[in-house]
2 protein chains.
Amino acid sequence: MSLRHGLIGLLAREGPQTGYQLARAFDRSVNFVWHARHGQIYPELARLAEAGLIRHVEDGPRGAKVYEVTDAGIAELRRWILDVPVAVGTRNETLLRVFFGYLVEPAELEAFLLSEAARYRGLLGVLEGFAAGDATSPSERASELTVHAGIRMLNAQIDWAEWAANEVRTWPPAQAVSSGDRAGRARRRARRPRG
Amino acid sequence: MSLRHGLIGLLAREGPQTGYQLARAFDRSVNFVWHARHGQIYPELARLAEAGLIRHVEDGPRGAKVYEVTDAGIAELRRWILDVPVAVGTRNETLLRVFFGYLVEPAELEAFLLSEAARYRGLLGVLEGFAAGDATSPSERASELTVHAGIRMLNAQIDWAEWAANEVRTWPPAQAVSSGDRAGRARRRARRPRG
DNA sequence: AATTGCATGTAAATTGTTACATGATTTT
DNA sequence: AAAATCATGTAACAATTTACATGCAATT
């Protein structure tokens, strides 16, 4: 699970903090890289403290619990960054929909692709705001690298979505597909080798 | 959950199939878009059949259960593609590591970035193999769109990783960071405005 | 005084992974 | 005969989301 390393890392990066602050940090800086809700964060902090990777140090204003990272936590973070194989397994809901997009009218799929392009543009605007900074400290330099990655990937996605919308415009109308259309499928399959 | 729509979609796309075949399909065609193990697929098929979105039709050779999609399933799939807001929430473990990459030696981070670039190149090779097809049928045209998306995103990631590796080469050695270094952090923070 | 924001937690449900368990059929 | 592949399932665990529940502090 990357969440625990995200929490250790944020404590290392931004100093002692409460779970609430970490939850907000997940909504800001690292949100486009990883995200988590407080319902997951609070129990995980307790487990990390139990494991000695972070430490509950003091109490803030209104029952706030401040945590800080331990040396063991930083060592674990370094180990994770370099020595643990990166978990594979892409999950892209937009692409899954497009994969089945031949089932809807081309005009509808085109509209979907353009709406996705617009959504990506919105995200790109946010990231470009992040990139405007100066990046003087080591942690800011590292953050800048991830922002650049996001910008490049979003640009690739925007270009693709607009190209794909254009492609779809040339498609013939969708055939009626129903679960009872086994005969139709068999007909098409048989015809293919001849073409 | 997109898994259930992935299952309905594959049954719609490739005709009646067993859970085993669907599990293999998730390892092949849609793997770079979505993935699932049989431990999740079999129970989900039972639930989908219960909900009337797919139907258990016949029994194959050795206790194999063949499912086919129903009209209700296709209607649900169409609804999901167009009318359900795309779930947000990126999760990119590579970027999370790079975000905290200032904690390891620049040479180590550089090596990590180059190893990621190599991994991306491997995936790109697989996708380019998929793209070599002709794409005559509607479903093949749709699949081709997703393959193109994958190729563009992987190229963006390769370019980024190699650019970032180059950036990191110019970084000064990592400072020793430890949990006890609160004074060091405060010192750096106080110094910044003057610079 | 009421609203907003800070702050923590847990319970329940869902989603996903891993490991265990079983047996049939085909290939070597 | 043994090994590989086909085929299904469940149990246990891990990860994640959503909703519920509470209370303090600052602002309007």
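Since the model is a prediction, treat every value here as computed from it, not as a measurement. Labels below follow one simple rule: chain letters A, B, ... track the order of the sequence lines, proteins then strands, and each chain is numbered from 1.
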Q: Considering non-hydrogen atoms only, spot the tightest contact between A/L53 and A/T70 and give its length.
A: O-OG1, 2.9 Å
Q: To the nearest Å, give me how far apart CZ (B/R47) and C1' (C/dT14) are.
A: 9 Å
Q) In the 5'-to-3' direction, what one-character label does each nucleotide of nucleotides 17-28 of chain C receive under the scheme B = base within less than 4.0 Å of a protein heavy atom, S = sugar-phosphate only, - = no such atom? A) BBB----BB---
Q.
Which label fits B/H56 and B/Y67: parallel for a plane angle under 30°, tilted from 30 to 60°, or perpendicular past 60°?
A. tilted
Q: Take the protein atom CD1 of A/I41 and the nucleotide atom C1' of C/dC6, then report the distance between them rounded to whole Å.
A: 15 Å
Q | Whole-Å gap separating P (C/dG5) and CD (A/Q21) | A | 17 Å
**Q.** Atom-pair distance (OH on A/Y42; P on C/dC6), nearest Å
**A.** 11 Å
Q. Could you state the CD-C1' distance from B/Q17 to D/dA7, rounded to the nearest angstrom?
A. 14 Å
Q. Of the nucleotides D/dT8, C/dA7, D/dT16, which one has an atom closest to the side chain of A/W34?
A. D/dT16
Q | Under 3.5 Å: donor-acceptor pair, side chain of A/N92, backbone of A/T94 | A | yes
Q | Residue closer to the 5' end of DNA chain D, A/R4 versus B/G19 (nearest nucleotide) | A | B/G19
Q.
For the residue pair B/E167 / A/H148, report whether a side-chain donor-acceptor contact shorter than 3.5 Å exists.
A. no
Q. What is the distance, rounded to the nearest whole Å, between atom CG of A/L22 and atom P of C/dG9?
A. 12 Å
Q) On DNA chain D, nearest-nucleotide positions of B/R24 versus B/P43: which is more 5'? A) B/R24
Q | Length of the line joining A/Y20:OH and D/dA26:C1', which is rounded to integer Å | A | 13 Å
Q. If each of B/S2 and A/Y67 is mapped to the nucleotide of DNA chain C with the nearest heavy atom, which maps nearer the 5' terminus, i.e. the 5' end?
A. A/Y67
(Q) Is there a side-chain contact between A/T136 and A/E140 in this structure, where contact means two heavy atoms from C-beta onward sitting under 4.5 Å apart? (A) yes
Q. Separation of B/L45 atom CG from D/dG9 atom P, in whole Å?
A. 8 Å
Q: Indicate the atoms forming the closest heavy-atom contact of B/A117 with B/I158, along with that distance.
A: O-CG1, 4.0 Å
Q | Nearest to side-chain heavy atoms of A/L3, which nucleotide of C/dC6, D/dT16, D/dC6 | A | D/dT16
Q: Kindly give the heavy-atom pair with the smallest separation between B/L10 and B/A25, and that separation in Å.
A: CD1-CB, 3.9 Å
